[in-house]
Amino acid sequence: MKLDKNYNANQFEPLVYALWEKNLVFKANPESKKEHFSMVMPPPNETGTLGVHHALFLTIQDILARYQRLNNKDVLWLPGTDHAALAVNALIEKQLSKEGLTKHDIGRQAFLERTQYFVANSRGNMLNQMRSIGAGPDWTRLRYTLEDTSVRIVNETFLAMYQKGLIYRGERIINWDPILETTVSDDEVDHREEQTTLYYLKLGPFEVVTVRPETKFGDKYLVINPNDQRYKDYQEGQEIEVDWINGITKLTIIKDEAVDLNFGSGVMTITPWHSLIDYEIAQRHNLTYQQIIDFHGKLLPIAGEFAGQTIEQARPKIIEKLRSKNLIIREDKNYKHQVAVNSRSDALIEPQIRLQWFIDVNKKVIDWHHRSLSFKEILQEVIKNNEIDIIPKRFEKIYFNWVNNLRDWCISRQIWWGHRIPVWYRTNVDQEEEIYVGLQPPIDDREGYNGWQQDPDTLDTWFSSALWTFSTLIDPALAENYQLSFKDLLHQSPDFITYHPTNVLETGWDIIFFWVARMILVTTFMTGQIPFKTVYLHGLVRSTDGKKMSKSRPESLVNPLEVINQYGADALRMGIIMGVSPGNDLIYSEERVKASRNFCNKLWNISRFIENVSDNVVQPDHQFETKNLIDRWLVVRLNQVQIKVLDYLDQYRFAEAYDLIYKFVWNDYADWYIETAKLNLNQTLLEDSLRVILKLIHPFMPFVSESIWQVLFENQGLLAQQTFEVVPINQNYLADAQQFDQIRKLIIEAREVLQKTNLKEVILYYKKSQIITELNPIIKQLAHLKDCVEVDDGQGWRLINVKYDCWLDIDPASIKKHLVDLNHQLSDYQKNIDKLQVRLDNVNYLNKAPKQLINQTKQQLQELLSKKQDLKQEIERFSRN
RNA sequence: GGGAUUGUAACUCAGAUGGCUAGAGUGCAGCAUUCACAUUGCUGAAGUCAGGGGUUCGAAUCCCUUCAAUCCCACCA
């Protein structure tokens, strides 16, 4: 025998994967005459290692890709990685700070070199990890969000939007991370609850509350709600003088409805530079504002004696001073409120006003289906018109909710790692600033003037990710040629022509805003096409305690490589697919992985059996030739399962598809067909059916299926190149299949009675039946009977659930042990009979329910009645004796 | 404050468009043993489908409501 007793995943997986790569089975071919199927891989961040959530999306996408290949399509699954500007930047800065350095110490150039080195390293690791999960994307088309082609397309996009007036530069309030010293987009800000002290301060005749006394230095305005009767005597614009932290200050009264009458005393001072709401109030009333905290998080000279100190240092001293001036009325030490933090770096966000680049989402200048629309409108339209389907559907609501509240997208970042903004500035003779936006650095040909300086900022990492579906399909060689326009690039790149729009985008629901929406936004603008036709969203993987896996709780993290080591990649894949429905989160459970590992082994041993009973020469047959009704039963089941599995896969219902295969293979194929095959061998059908099963299971468990295929059928070529063959059946097979179902019932019931009565070696008598005679040895063996004998009339215990007349040769004393169960069963029958009877007595049911259903109900009732009758008779007969 | 999701066996979860006696994995109980597989086989026990109400001939499934949990968005200075 060629196969070992147990399936050893670690032994086969690397070999099998190497074989796939060698044979280029993952390679897409745009020139193929087959139908094309395309999908881009969401590029994972190049921060190092993969987690289980990566394993999840790689598995789902790999199932899709392998399924479509077996479905006779030309498949492009395009892999790549993301430079992950903010995340990687934070990581490198953390490394530096461990060495006692900051990025300014080493300078921009050295910082970038160091980052590149780090990223190149982690990329290699990650790609190998993807391989060990079994993912089979087209590695020949591996892309990277910070490669040359990407830079070109990013700049093309920036330029095109700039020329349309969709990108503008402006001073706005933004989320500032004082640690990384960069802007953070709204979506990247997390809110965390914090307990702090709320101070009630005396401000002249008023009382104001604050948790941030350090922002109070710039106070010039006092805002009250115009509907507040308590302060109706104070007029808008009225000025008052009060004693404040650093002496006498003049305040102007402003009335604005943003003030909550019920919070504190209903009076507030505002700090527009460092608060979004205050900023909005200031904008409405045309107020002046100034910066109090600098971009490093330190107080500016306006804070007088506290200037140069960080907030942490200054706050207690400021409190001390306020206290000494008797300006603190009272303090609430248990005040709970939400603070904003950068989700990537965990730093406290300090709102700041700064010159930034923005994308205008409301300007209606984009040509879309012959109308001029804004980004916001296009985002709404493509979903409303079903140009793009989101699965599961409920995420459409979440999507619209987000789009409706969308504000201009701030795309500039002050970190160093990322796409540099393609804008250059210089000062001309009149000391005015000139600006140049272009694809490549401009050349300054004037002598004696300052040359062009590129904007120091980089772009939000999601800006380049947003181009992912089309930028990756552009031919890199063409992109090097700046003589070609962007349109030329699109129209001359075979991959773009063939594969765009892509068929599916498969990703987690948590990045629907960051990524999915922004891909739609940028792609529609740049290509005039939608980026994908379907969005399939999967859930988050959580740890066994039901919480999010997070780096701050290392015990919650599961390392997919360790799992693969222990149980194999196929086991991991199905462990996280089993029993999970689209869009729902899943809790990682090692039990499920184990169950899948056992299933691998089951498959393995089925194959081992087949190999064992097969002649050495394996002939390709594919005829599914049947010799008896068991064979026909199998063929019918195969056919049904095959159709259903393909149907589930078309609907992205992976868990259900897998579940069906699992049950079929284990409960039907192994437990019944293989068992009967020991006495009734049909070698070609065994091989044909195994081939079908391996193909069906292959998208889910590629390694074990390919390993078996290689050992058993290696001459038949690579599994991944085969297409599904439909198992042929004809109508009279169905009747045979039903016959065998009856025989299975017979065997099950016989086993049960023998178990309950604790008897062995019992004889089964049966009234003349051709089928039982034909299957006599099989029934005997599977039910563990001593013999199976045809008789003219019955004797012994009559089987209830079977259509045939047969009896087990059991003495009444033994049956008595079983009597309690039997009476229990009897009352179960009665309960169900009552239920069905009530239904059939209901006139409305008879009038309104479909005819077919009524007939079914009647039939069920008849069956139950007769079973009950039989059982009752038997019990009585045996009780009498 | 706005919104989404979840509540089904001891545990983790499936049950799309309402229609058999509500299923699986794990666990549990009993039995089997040199058979392809102990990563096994056979048999079994275990559920008021969170509670209440409604629609319907018929509800785990649809609607309303209460309770509990998780998450997203927006936020009070």
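Numbers restart at 1 for each chain; the letters A, B, ... are given by sequence-line order, proteins then strands.
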Do the two ring centres, one from H538(A) and one from Y536(A), sit under 6.0 Å apart?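 They do not qualify: ring centres at least 6.0 Å apart.
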Would the F206(A) and Y231(A) ring centres measure less than 6.0 Å apart?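 Yes, the ring centres sit under 6.0 Å apart.
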Does a donor on one side chain sit under 3.5 Å from an acceptor on the other, for K220(A) and T252(A)? no
Would Q852(A) and Q856(A) count as having a side-chain donor-acceptor pair, cut-off 3.5 Å? no
By nearest nucleotide on RNA chain B, pick out whichever of E656(A) and L846(A) is the more 5' one.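 The residue mapped nearer the 5' terminus is E656(A).
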Using heavy-atom distances to pick each residue's nearest nucleotide on RNA chain B, tell me which of E752(A) and K678(A) is more 5'. K678(A)
Selection from [options] that lies nearest to any side-chain heavy atom of [X]:
X: K216(A); options: A77(B), A36(B), U43(B); value: A77(B)
X: R394(A); options: C13(B), A4(B), A77(B); value: A4(B)
X: F513(A); options: C13(B), A77(B), C72(B); value: C72(B)
X: E675(A); options: U56(B), C75(B), C37(B); value: C37(B)
X: D671(A); options: C42(B), C57(B), C76(B); value: C42(B)

Would you say [X] reaches [N]'s phosphate, i.e. side-chain N/O to OP1/OP2 under 4.0 Å?
X: R839(A); N: U21(B); value: yes
X: W666(A); N: A24(B); value: no
X: Y648(A); N: A16(B); value: no
X: H784(A); N: C42(B); value: no

Who pairs with G19(B) - Watson-Crick or G-U, where each distance is under 3.5 Å: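 G19(B) is paired with C57(B).
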So which nucleotide does C37(B) pair with, by the Watson-Crick or G-U wobble rule with both distances under 3.5 Å? none
Quote, to the nearest angstrom, the [atom1] distance that separates [N] from [M].
N: A16(B); M: G23(B); atom1: P; answer: 14 Å
N: A14(B); M: C49(B); atom1: C1'; answer: 13 Å
N: A50(B); M: U34(B); atom1: P; answer: 47 Å
N: A24(B); M: G15(B); atom1: C1'; answer: 10 Å
N: C62(B); M: A69(B); atom1: P; answer: 23 Å
N: G47(B); M: U12(B); atom1: C1'; answer: 16 Å
N: U5(B); M: C64(B); atom1: P; answer: 12 Å
N: A22(B); M: A29(B); atom1: C1'; answer: 23 Å

Among residues 588-603 of chain A, which residues get a heavy atom nearer than 4.0 Å to RNA chain B? E591(A), R592(A), A595(A), R597(A), N598(A), N601(A), K602(A)
Euclidean distance, atom [atom1] of residue [X] to atom [atom2] of [N] [Å, nearest integer]:
X: D585(A); N: U70(B); atom1: CG; atom2: P; value: 13 Å
X: N667(A); N: C42(B); atom1: CG; atom2: P; value: 8 Å
X: K663(A); N: G23(B); atom1: NZ; atom2: C1'; value: 6 Å
X: E214(A); N: A77(B); atom1: CD; atom2: P; value: 13 Å
X: I511(A); N: C71(B); atom1: CD1; atom2: P; value: 20 Å
X: K393(A); N: U5(B); atom1: NZ; atom2: P; value: 14 Å
X: R608(A); N: U39(B); atom1: CZ; atom2: P; value: 14 Å
X: N605(A); N: C35(B); atom1: CG; atom2: C1'; value: 12 Å

Charged N to carboxylate O under 4.0 angstrom, D834(A) versus K831(A)? no
Smallest heavy-atom separation, A571(A) atom then S596(A) atom, equals O-CB, 3.5 Å
Could you tell me whether the side chain of D278(A) and the main chain of H274(A) form a donor-acceptor pair under 3.5 Å? no
Using the six-membered ring of F395(A), assess whether NZ or CZ of K393(A) lies under 6.0 Å from its centre and within 45 degrees of the ring axis. no
Honestly, is R330(A) close enough over Y200(A), meaning NZ or CZ under 6.0 Å from the six-membered ring centre and within 45° of the axis? yes
